[in-house]
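Okay, so here's the structure we're looking at.
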Amino acid sequence: HLPGMTAKDDIARVAGQLATLTRTVEEMAEELKALTQRAESQRERSDTQQERIELAAKELTDVSDRLQAAANALRDSI
C-alpha cells in the first residue's frame, strides 16, 4: 500500500476501484446489448429486403417468359 495508508485504507481504496470497474463493465455490457439488438434488427431488415429482391426477380423472370411467349406466338401468327 501507499506510504501513510493503513491496510484498511488500502482495502477501502481497492474496493472503491473494484466498484468503479464493476460499474464500467456493466455499462459496457448494456452498450454491447444495445449494439447487438440494433445489429439483429438491421439483419432482419436486410433479410426482408433480400426476400423482396428475390420475389421481384422471380416476378421479372415470369413477366419476361410471358413476353417471350407472346412474341413467339405473334411471330408464328404472321
Side-chain angles (χ1 to χ4, degrees):
H1 56 264
L2 299 174
M5 291 185 71
T6 65
K8 187 175 183 179
D9 293 336
D10 203 25
I11 291 169
R13 183 177 58 83
V14 170
Q17 290 173 342
L18 285 174
T20 299
L21 181 59
T22 299
R23 282 192 300 276
T24 301
V25 168
E26 288 171 350
E27 290 169 3
M28 291 171 71
E30 286 298 316
E31 290 175 18
L32 182 58
K33 182 179 176 182
L35 285 170
T36 301
Q37 289 171 340
R38 283 198 301 269
E40 178 65 19
S41 176
Q42 289 173 347
R43 186 191 62 75
E44 289 171 0
R45 282 195 301 273
S46 177
D47 288 350
T48 299
Q49 288 174 340
Q50 184 63 35
E51 290 170 6
R52 289 177 180 164
I53 290 168
E54 291 169 2
L55 180 59
K58 182 185 178 313
E59 291 174 354
L60 189 56
T61 299
D62 292 346
V63 168
S64 177
D65 290 347
R66 288 196 303 271
L67 284 172
Q68 186 64 48
N72 291 341
L74 183 59
R75 193 176 306 115
D76 291 346
S77 71
I78 298 177

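What you see is a predicted model; the values in this text were computed from it and never measured.
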Carefully, step by step, assess Arg23 and Glu26 under the rule salt bridge (charged side-chain N to carboxylate O under 4.0 Å, His left out).
-> CA-CA 5 Å; Arg23 282 192 300 276; Glu26 288 171 350; over 6 Å; no
Rounded distance [0.5 Å steps], [atom1] in [X] versus [atom2] in [Y]:
X: Leu35; Y: Glu30; atom1: CG; atom2: CD; result: 11.5 Å
X: Met28; Y: Glu31; atom1: CE; atom2: CD; result: 7.5 Å
X: Leu60; Y: Leu67; atom1: CG; atom2: CG; result: 9.5 Å
X: Thr22; Y: Glu27; atom1: OG1; atom2: CD; result: 11.0 Å

Electrostatic pair Asp47-Arg43, nearest N-O below 4.0 angstrom = yes
Residues Asp62, Arg66; criterion salt bridge (charged side-chain N to carboxylate O under 4.0 Å, His left out); working and verdict | CA-CA 6 Å; Asp62 292 346; Arg66 288 196 303 271; 5.1 Å; no
Heavy-atom donor-acceptor pair, Thr61 side chain to Ala57 backbone, under 3.5 Å | yes
For Thr24 and Thr20, indicate whether the former's side chain and the latter's backbone hold a donor-acceptor pair under 3.5 Å.
-> yes
Just checking, is any N or O donor in the side chain of Ser41 or Arg45 under 3.5 Å from an acceptor N or O on the other one?
-> yes
Report yes if the side chains of Leu55 and Glu51 come closer than 4.5 Å at any heavy-atom pair, otherwise no.
-> no
Does any non-hydrogen side-chain atom of Lys58 lie less than 4.5 Å from one of Glu54?
-> no
